[in-house]
Amino acid sequence: MATRLKKIRNSWVRNATAVKATGAELTPASAVALGVISATAALTVGLSVTLTAAVVLGLIKPKDELFYKAAPYASLAGARAGALLGLAYGSQASSKKQSDRASGEQTKAWTGWRDFVVTRKVKESEEITSFYLQPKDKGELATFQPSQFLTIQLEIPGEAKPIVRTYSLSDYGELPDAYRLSIKREPSPPDLDVPAGLASNFMHEQVQEGSVIPAKPPSGKFTLDVRSPLPVVLISNGVGITPMMGMAKAATQLNPDRPIWFVHGAKNSRSHAFRHEITAVAAQNPNLKLHFAYSRPQAEDSGHYHSTGHVTTELVRSLISHEAEYFLCGSPPFLASLREGLKNAGVPDSRVFFESFMKAQKATSDDSSSGVANGQDAEIVFDRAGKTATWTADSTSLLDFAEANDLTPPYSCRQGICGTCMCKIIDGEVEYVETPTAEIEAGSVLTCISKPKTARVVLDL
C-alpha cells in the first residue's frame with residue numbers, strides 16, 4: 001500500500017512539474033482543470049488511507065469510535081487540500097504567464113509568407129472596414145505588441161506582380177485568435193489626376209469572407225511600452241485611430257492603473273470608426289478618458305462628441321498638462337501641427353512618438369550632405385537586373401529611381417517604416433533623407449528613403 005501511495009504522489013508531482021517546465025498557458029479554465037486533477041489524486045490518496053485504516057482497525061479492533069470516524073474525515077480533508085493546491089498552482093502559473101506577457105514575451109513568429117483566411121468583414125464607418133484574418137493552416141498566431149502592423153500580399157487582376165501593403169493591427173489580445181486589419185478606402189483626390197488607392201479599394205470591393213491573403217509576421221517599432229507608469233496620451237485623426245485601439249486595449253488589460261487619454265478627431269459620427277468599441281473599453285477602465293472632436297458634426301451626432309473643430313495642441317494641453325508620453329497617428333499636416341505645438345509647449349522629443357499613414361513628403365538634403373545627394377550624377381548598378389543607370393538631380397529616392405528604370409522592387413509604406421523595400425547594398429554608400437524606423441539588416445538599405453552618397457552604388461536588385 002505504501003508503494004502505491006508513493007507512485008500516485010510521484011505521478012502527480014511529475015505532471016505538475018512538466019506543466020510548469022513547458023511554460024504552458026494556464027487560463028482560469030486550465031487552472032480549474034488542474035484543480036480537478038489534483039482533487040482526484042488527493043481523493044484517491046484519501047480513499048487509500050481510509051482502506052488502510054479499515055484494515056488496521058479490523059486487526060486491532062479498537063473500542064473507541066473515534067478511530068472509525070478519523071479515516072473518512074482524513075480522506076475528505078486530503079481531497080479538499082489537493083483541490084486547493086491545484087487551483088493555487090494554476091492561479092500562480094497563470095499570473096506568472098500574464099506577467100511574462102506584460103514584460104514583452106511573445107509567441108515565436110513564422111518566417112516568410114503564410115496564408116490567412118478572411119473569417120469576418122465588418123464595416124466600421126463609411127470609409128473604414130475591418131478584416132479578421134485566421135491562419136489557413138489552423139496553427140497558432142504569433143503574439144504581437146500593441147499597434148504593430150501586418151504586411152500582406154494581394155493578387156490584383158491586371159497587375160504584373162503581387163501588391164504588398166502594410167496595415168496596423170487594430171485590436172489587441174494576449175492570446176489572439178485572429179488578426180484584425182481596419183482599412184480605409186482611399187478614393188481619388190478631388191481635382192487631382194491621382195488614381196484611387198489600388199490596394200484599399202481592392203480590399204473593400206473584392207476581398208470577402210473566405211478570401212485567402214498571404215501575410216508576414218507582425219512587425220513595427222511604433223509600439224506602446226505597457227509597463228511604463230507615465231500617463232499616456234493617444235492622439236489620432238481619421239484612420240489613425242487603428243493603432244491607438246490596440247494601445248488602449250493593451251494598457252487596459254496589462255496596466256489598468258496607468259492614466260490614459262484617448263483623443264480622436266473625425267468629421268462626424270459617420271466617419272468615426274470604433275466609437276462604440278472604445279467607449280465600452282473606457283466603461284471598464286476608470287483610468288481611460290475619452291475626447292472626440294468633430295470638425296463637421298451633424299444634427300444626429302448630439303451626445304457623440306465632446307468638442308467641435310480639429311484636434312489641436314491647445315485642446316490636448318487643456319485636457320492634460322502634466323508629464324506624459326504622447327503617441328500621434330494621422331495625416332501629415334495633423335502630425336506636423338501637433339509635433340510643433342507639443343515642442344513649443346515644452347514636451348521633449350523623447351516623449352513624442354508618431355506614425356503617418358500617408359506617403360512621406362519629398363525631403364531636401366541639408367548642406368552637409370554629399371555632392372551626390374545634392375544633385376550630382378552617380379552610377380547606379382542594379383546587379384540582378386544587369387542594368388546600369390545614371391542618377392540625376394531630379395531623382396527622389398533609389399526606389400523611385402529603380403521604378404523609373406522599369407524595375408519592380410517590393411515596397412509598401414515608402415516611408416522607411418515597414419522595411420518591405422530593404423535590399424542588399426553590394427558596393428558604395430547611401431544616405432537617408434528621412435530617419436528610418438524599420439530595423440535594417442547589416443549590409444542592407446531601405447531604397448524608399450535613401451539616395452546615393454558615393455559616385456557608384458551597386459544594389460542587389
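Just so it is clear, the structure is predicted and the values come from calculations on it, not from any experiment. Quick note: numbers below take in every heavy atom, side chains included, and nothing from hydrogens, waters or symmetry partners.
Partners of T151 by side chain to side chain contact (heavy atoms under 4.5 Å, CB included), not counting sequence neighbours, listed by chain and number: W113, F149, V164, T166, K216, T420. Residues satisfying the side chain to side chain contact (heavy atoms under 4.5 Å, CB included) criterion with S211, sequence neighbours excluded, are V118, V207, Q208.
Only one option out of W261, F262, F292 pairs with H306 in a ring-ring contact (aromatic ring centres under 6.0 Å, His included); it is F292. Each of C329, P243, P218, S182 was compared with S168 under the side chain to side chain contact (heavy atoms under 4.5 Å, CB included) criterion, and only P243 meets it. Checking L315, L335, L338, L319 one by one against I235, the side chain to side chain contact (heavy atoms under 4.5 Å, CB included) holds for a single residue, L338.
At a threshold of 4.0 Å, the pair K121-E209 does not count as salt-bridged, since none of the basic side-chain nitrogens sits closer than that to a carboxylate oxygen.
Annotation: H310, atom NE2; neighbour count of heavy atoms from other residues, nucleotides and ligands within 6.0 Å does not exceed 12. Environment of NE2 in H322: crowded, with over 12 heavy atoms of neighbouring residues, nucleotides or ligands closer than 6.0 Å. For K161, the NZ atom sits in a packed shell: over 12 heavy atoms of surrounding residues, nucleotides or ligands are nearer than 6.0 Å.
Between S130 and E124, the side chains place a donor N or O and an acceptor N or O closer than 3.5 Å (distance only, hydrogens not considered).
Ring centroid separation for the pair Y294 and H272 comes in under the 6.0 Å cut-off. Between F131 and Y167, the gap from one ring centroid to the other reaches at least 6.0 Å.
Within the structure, side-chain hydrogen bond (donor to acceptor under 3.5 Å, both in side chains) pairs that include any residue of residues 332-354 comprise E323-R351 (at least two apart or interchain).
In this structure, S331 and N237 have side chains that are in contact, with non-hydrogen atoms separated by less than 4.5 Å.
Ring pair W110/F116 is tilted by interplanar angle, where 30° to 60° counts as tilted.
Closest heavy-atom contact between D115 and P214: OD1-CG, 3.6 Å.
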